[in-house]
**Q** 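Structure in structure tokens, see below.
In what follows, every heavy atom counts, from backbone to side chain, and hydrogens, waters and symmetry copies are set aside. We count ligands from 1, going down the list as the structure has it; atoms in each ligand are counted the same way.
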Amino acid sequence: MSCPIAPSAYVDNVYGPLANLPTINWSRLLQHSGAEISALRSACETHGFFYLDLTDEGSAIFLEELAAVNKIMEEWFCQPLEKKMETETIGDAHGFKPTGVQSGVAEHTKDGFEALKVRPLYPLPSHAPINSSALQICRNNLVKRSHLPPIVDTKMALFDSFVSTSNHIAKSLLSFLSSALGLEGPHHLTRYHNDDVPSKTTLYFLHYPENLHATETGQNMHTDIGSITLLFAPQWGLQVICPDTKTWKYVAPRPGHAIINVADTLRFLSGRRLRSALHRVMPLGGRQVGDRYATSYFLRADDDTVFLDSEGEVGTAEQWLKRKYETYKLPHELQSAQTVLTGGMAQLLSQAQMLN
Ligand SMILES: O=C(O)CCC(=O)C(=O)O
Ligand SMILES: [Fe+2]
């Protein structure tokens with residue numbers, strides 16, 4: 001069985017002007033173009049949200065893998081809820097989350113997405129081709145460790161390869177950014193992101209089932225928890241607060257592009273020099289017409305990474321994730337009484353401007 005993706009049209013005089021986000025070119029970054037690296041830094045300082053152009057020839061296989069994992073996941077989400085609930089939830093970074101457990105995008109509503117979180121291999125598969133015996137060792141470890149849903153288990157090589165390239169892209173961005181910010185040696189940002197150290201790095205599949213009643217809608221505003229998010233959102237619904245107007249604007253889906261997001265931990269580790277973008281998912285017209293899907297790779301710092309958070313407390317990356325997930329479930333009025341949901345970004349914007 002497959003769930004067709006319903007197209008939805010964007011009409012700018014109804015839904016407002018689009019977010020004008022910077023675009024960074026992946027192949028130029030790989031050539032160490034000074035201009036592209038400085039554009040990357042500027043995008044993270046001013047927006048914290050940008051398109052990454054992956055339309056180069058070298059990224060074609062990765063995009064094919066993305067299409068293949070998405071097809072598998074769309075079929076997986078079509079299963080009855082009881083079947084999906086069989087995927088054990090382990091901590092907040094692995095397992096199945098049904099709709100309606102978090103506060104929704106609008107007051108007095110719950111969230112309208114279900115999600116399957118898949119903890120990647122640990123140690124993560126290297127970007128170099130993995131030989132079959134290495135893969136078998138990883139596979140045995142993973143099966144014991146992670147209680148994967150059978151669908152991931154049977155397509156292990158595909159999922160591994162997709163995770164490996166996602167990790168490579170996210171860590172490369174981190175590395176270019178660190179050098180551009182002059183964070184070198186012991187302060188280099190990659191030092192907090194070790195592939196062989198436990199972290200809550202996660203591959204994340206989201207499904208927003210059609211819901212015409214809007215009791216469970218979209219995804220509430222938030223900043224992401226970790227360091228760098230690679231988001232693939234081929235359908236309308238994603239909105240971001242733009243730094244110029246401080247209003248919500250829709251982010252146009254762009255084939256062959258990832259949307260990259262500076263998340264809380266990276267902002268904290270950069271000494272607040274980088275900006276985290278406040279974003280949410282609001283279906284066009286406020287109702288989820290047709291099913292919507294999105295895929296993310298959340299690169300997160302090693303569990304024991306220490307930083308000063310937006311509540312003024314010194315804690316670890318692992319504690320911040322736990323706190324953030326607890327906050328997602330709180331009613332809106334309690335969420336807005338503290339800084340955790342938005343990593344302090346909401347407090348940097350005036351309430352009146354934001355609600356627009
Ligand atoms: O569904 C989307 O487009 C965005 C999802 C998102 O922001 C998240 O899961 O953190
Ligand atoms: Fe997000």
**Q** Does Glu210 use its side chain to pair, donor to acceptor, with the backbone of Gly290 at less than 3.5 Å?
**A** yes

**Q** So if I count the atoms of ligand 1 from 1 in the order they appear, which ones are less than 4.0 Å from some heavy atom of Leu206?
**A** 9 (O)

**Q** Is the closest N or O pair between Tyr208 and ligand 1 shorter than 3.5 Å?
**A** yes

**Q** Mind reading off the angle at the Fe ion (ligand 2) between the NE2 atom of His222 and the OD1 atom of Asp224, rounded to 10°?
**A** 90°

**Q** What protein heavy atom lies closest to atom 4 (C) of ligand 1? Include the residue and the distance to one decimal.
**A** Val281 CG2, 3.7 Å

**Q** Specify side chain, backbone, both or neither for Asp224, according to which of its non-hydrogen atoms lie closer than 4.0 Å to ligand 1.
**A** side chain

**Q** Is the closest basic N to carboxylate O distance between Arg323 and Glu313 below 4.0 Å?
**A** yes

**Q** Polar contacts were defined as any N/O atom of the residue lying under 3.5 Å from an N/O atom of the ligand; does this apply to Ser296 and ligand 1?
**A** no

**Q** Do we see a donor-acceptor contact under 3.5 Å between the side chains of Thr99 and Glu216?
**A** yes

**Q** Cation-pi check, Lys83 to Phe96: give yes when NZ or CZ is under 6.0 Å from the six-membered ring centre and within 45° of the ring axis, no otherwise.
**A** no

**Q** May I ask you to list the atoms of ligand 1 that are less than 4.0 angstrom from any heavy atom of Ala233?
**A** 3 (O)

**Q** Which is it for Tyr204 and ligand 1 at heavy atoms under 4.0 Å: side chain, backbone, both or neither?
**A** side chain

**Q** Is the number of heavy atoms from other residues, nucleotides or ligands under 6.0 Å of Ile61 CD1 greater than 12?
**A** no

**Q** Give the numbers and elements of all ligand 1 atoms closer than 4.0 Å to a heavy atom of His279.
**A** 7 (O)

**Q** Of all the atoms in ligand 1, which lie at a distance below 4.0 Å from a heavy atom belonging to Arg292?
**A** 1 (O), 2 (C), 3 (O)

**Q** In terms of side-chain geometry, is the basic nitrogen of Glu318 or Lys322 positioned less than 4.0 Å from the acidic oxygen of its partner?
**A** no

**Q** Please check: side-chain N/O of Lys84 versus main-chain N/O of Phe77, any donor-acceptor pairing under 3.5 Å?
**A** yes

**Q** Record the part of Phe298 in heavy-atom contact with ligand 1 below 4.0 Å; permitted values are side chain, backbone, both and neither.
**A** side chain

**Q** So which of Gln219, Lys117, Arg280, Met221 gets nearest to atom 6 (C) of ligand 1, if we judge by its closest heavy atom?
**A** Gln219

**Q** So does Arg254 pair up with Asp53, basic N to acidic O under 4.0 Å?
**A** no

